[in-house]
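In the text below, chain A, chain B and the rest are named by the order of the sequence lines, each starting its count at 1. Owing to the predicted nature of the structure, the values given are computational and were not obtained by experimental measurement.
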Amino acid sequence: MSVRVRFAPSPTGYLHMGGARTALFNWLFARHHDGEFLVRIEDTDLERSEETYTAAIFEAHEWLGMEPDEEPVYQHERMDLYRQKAEELLESGDAYKDYSTKEEVEEARKEGFARGDKTSHTRLWRDRDDEPEDRDFVVRIKAPLEGSLTIQDEVQGEVTVEAEELDDFVILRSDGTPTYNFCVVVDDFDMDITHVIRGKDHLNNTFRQKYVYDALDLEPPAFGHLPLISGLSKRKGSKSVQAYRDDGYLAEAIINYLARLGWSHGDQEIFSRDELIEYFELSSVSRGSSDFDHDKLDWVNTEWMKRLEPEELAGRWTYHLSEAGFDVDVDDRLVGIVEAMRERADTLTEMVDKSRYFFVDDLDRDAEAVDEWLTADIEALMERIIEELEALDDWNTDAIETVYRDLCDEFDVGLGAVAQPTRVALTGGTVSPSLFVTVALMGRETALERMREALAIIVSRD
RNA sequence: GGCCCGUUAGUCUAGUGGUUAGGACCCCGGCCUCUCACGCCGGUAACACGGGUUCGAAUCCCGUACGGGCUACCA
């Protein structure tokens, strides 16, 4: 049978980095094995589930390039199936109705713990068969009282738990809706899932689910529990995938970084999508949890900015430029700016910030920079530069460089003497790509206009 | 509290009984140089601790500590 995996988020929030990584590992596993990757929306908790989150989860998948191979499955549409399965369990005696009130359960639990019992003593109605009509009931699984369970986890290895540690958990709430540990089993089987790859926070649940498989007389799939990403706070990674996109991270970088968090392939750091698919193995997933490191993500992002075709990168950049109020099309100039700026920024948004002087109509110059570089002693030189630049037939980097080099010779000064004044003139500051590239990309009209402005400032300071 | 899982530098990791413990991010030097970057060269920094097993343990076993997860009519 071919490999079928699923990612099963509950739509109670946006897709964050932890969820995205779980989805990614499932997706990679499926692609690696030529199998199918499915998505199941776990929305049995009607109170907390929202459609906007469902939409956001799909949008995140699309952006990351991990779209499901089949139509998503929604648990809220399958309530009848769960009730039917629960009914089967009731009939076979593997589950029973519990008419206790929450208070009674709580009380029994407290007493049990006080006695030092291992399970939480929710077995009040396990051996009763009366059915009081004036009370609601939940349906509980009739878990084995003794013995032990062992699972062979594809990532964690062999894990064993004693039966006395597990209680009779609820599979159907008093309002008739099914609980997680129950529908997961029903759905995974119904969807022909062969490998359940999920966060390690579900490792213990696996044993409860094993009981359901046994009770339903179903063959369980293989399991692989991924180490959790620790230290995910609002500023460290629990931000939504879309927030990262808007902050200027490339999908390639997110995928690459996430893949390397808890998984490795020798010493390789940068992976293309195809390489990830080719190399991904559950056996090389680490078992310990890991910390999200924004510095490393930034580095990976820059690496990918340098690897994409400049035209492609420029295309993606226009979104962020537009967000900043600069509506531009992809043309030779924009591609040139991208080529000059991409190795100087960690993200696309940072690249916008550092490139503003290429797009603004009115340039603000840094007062200190003006003070230091637009000084009287370079007045004559600036005049000559403007003259020569005006006379240029072809406005290109080489020609501009020649103008500067020749003039430096003529005035017997180093390039440093004119580079910074020119930068202040054109960019308002002292930092930019190569001088000649910057002048060229600025465009003849804007460059000359700003040079004249700078000259005026110099003259006014005499 | 009980149970489960984990633990190589600040961080991500390689390592599967014998290595000067490797790579990457970060940080610090230097080179390149018109600024900033990129790039290149170099540097600081790790096997949690204690017992075993073994001729020999980062690697195997036990314990301790620390970290995480589960212990819901959440998923």
Side-chain angles (χ1 to χ4, degrees), chain A residues 8-12 42-45 47-49 75 98 100 102 105-106 109 113-114 116-120 122 136-140 153 155-157 159-162 164-167 169-181 183-184 198-208 225 227-231 257 260-270 284 286-300 302 306 340-345 354 369 373 401 404-405 408 414-424 427 429-436 438:
Chain A
S10 61
T12 53
E42 308 236 322
D43 53 1
T44 53
D45 185 348
E47 303 295 312
R48 301 196 303 148
S49 300
Q75 289 189 326
D98 177 354
S100 320
K102 284 182 182 176
V105 172
E106 191 52 42
R109 183 169 286 148
F113 280 139
D117 287 354
K118 298 206 167 188
T119 57
S120 51
T122 48
D136 288 334
F137 65 87
V138 296
V139 175
R140 290 183 185 275
D153 192 274
V155 176
Q156 306 295 332
V159 185
T160 300
V161 158
E162 300 299 318
E164 56 183 326
E165 302 292 341
L166 274 4
D167 64 355
F169 57 94
V170 172
I171 61 175
L172 234 49
R173 301 185 185 93
S174 51
D175 65 359
T177 58
T179 59
Y180 167 75
N181 282 122
C183 11
V184 170
R198 79 237 292 198
K200 214 173 160 185
D201 49 338
H202 290 296
L203 187 54
N204 286 291
N205 283 327
T206 308
F207 296 97
R208 295 180 230 295
H225 287 90
L228 269 17
I229 300 174
S230 53
Y257 177 73
R260 278 290 284 100
L261 207 55
W263 173 85
S264 61
H265 180 71
D267 284 338
Q268 192 169 342
E269 295 287 350
I270 302 298
S284 35
S286 30
R287 294 197 267 209
S289 56
S290 42
D291 279 1
F292 198 89
D293 181 2
H294 256 89
D295 286 334
K296 181 95 175 245
L297 205 213
D298 284 348
W299 175 76
V300 173
T302 308
K306 289 190 289 193
M341 297 303 296
R342 60 177 168 177
E343 65 192 27
R344 281 165 238 266
K354 290 187 169 173
W373 296 104
E401 173 159 8
Y404 272 88
R405 300 269 182 212
C408 280
L415 191 56
V418 286
Q420 292 306 73
T422 299
R423 283 202 168 83
V424 176
T427 73
T430 54
V431 176
S432 86
S434 158
L435 181 65
F436 319 117
T438 305

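Nucleotide B/rC32 forms no Watson-Crick or G-U wobble pair with any nucleotide shown, as no partner meets the under 3.5 Å limit on both distances. Nucleotide B/rU59 is matched to nothing when pairs are restricted to Watson-Crick or G-U wobble geometry with both distances under 3.5 angstrom. Using Watson-Crick or G-U wobble geometry with both donor-acceptor distances under 3.5 Å, B/rC3 finds its partner in B/rG69. Pair check for B/rA46 finds none; no Watson-Crick or G-U wobble contact set falls under 3.5 Å. In this structure, B/rU53 makes no Watson-Crick or G-U wobble pair, since no nucleotide meets both defining distances under 3.5 angstrom. Here B/rA21 sits opposite no nucleotide as a Watson-Crick or G-U wobble pair (both hydrogen-bonding atom distances under 3.5 Å). Base pairing of B/rA14 is not made with any nucleotide, judged by Watson-Crick or G-U wobble geometry with both donor-acceptor distances under 3.5 Å.
One N or O donor and one acceptor, one from the side chain of A/Arg344 and one from the base of B/rC36, sit under 3.5 Å apart. Taking 3.5 Å as the limit, the base of B/rC34 and the side chain of A/Ser434 contain a donor-acceptor pair of atoms between them. Remark: the A/Arg423 side chain and the B/rC34 base include a donor-acceptor N/O pair separated by less than 3.5 Å. The base of B/rC73 sits with one of its N or O atoms less than 3.5 Å from a complementary donor or acceptor on the side chain of A/Ser174. The base of B/rA75 has none of its N or O atoms less than 3.5 Å from a complementary donor or acceptor on the side chain of A/Asp201. Evaluation of atom-type donor-acceptor distances gives a pair under 3.5 Å for the side chain of A/Glu269 against the base of B/rG23.
Between the side chains of A/Ser284 and A/His265, no donor N or O sits under 3.5 Å from an acceptor N or O.
For the OP1/OP2 pair of B/rA72 and a distance below 4.0 Å, the side-chain nitrogens and oxygens of A/Arg109 include at least one atom meeting the criterion. An OP1 or OP2 oxygen of B/rU13 is reached within less than 4.0 angstrom by a side-chain nitrogen or oxygen of A/Ser286. Note on A/Lys306: a side-chain N or O is less than 4.0 Å away from OP1 or OP2 of B/rG39. In this model, the phosphate group of B/rC38 is not approached by any side-chain N or O of A/Thr302 to a distance below 4.0 Å at OP1 or OP2. Between A/Thr12 and the phosphate of B/rA75, there is no side-chain N or O to OP1/OP2 separation shorter than 4.0 Å. A sub-4.0 Å separation between OP1 or OP2 of B/rC38 and a side-chain N or O of A/Arg342 is absent. Put simply, A/Thr44 has a side-chain N or O that comes within less than 4.0 Å of OP1 or OP2 on B/rA75.
Between the CZ atom of A/Phe207 and the P atom of B/rC70 there is a distance of 15 Å, given to the nearest Å.
Using a 4.0 Å heavy-atom criterion, one finds that A/Thr160 contacts the sugar-phosphate atoms exclusively.
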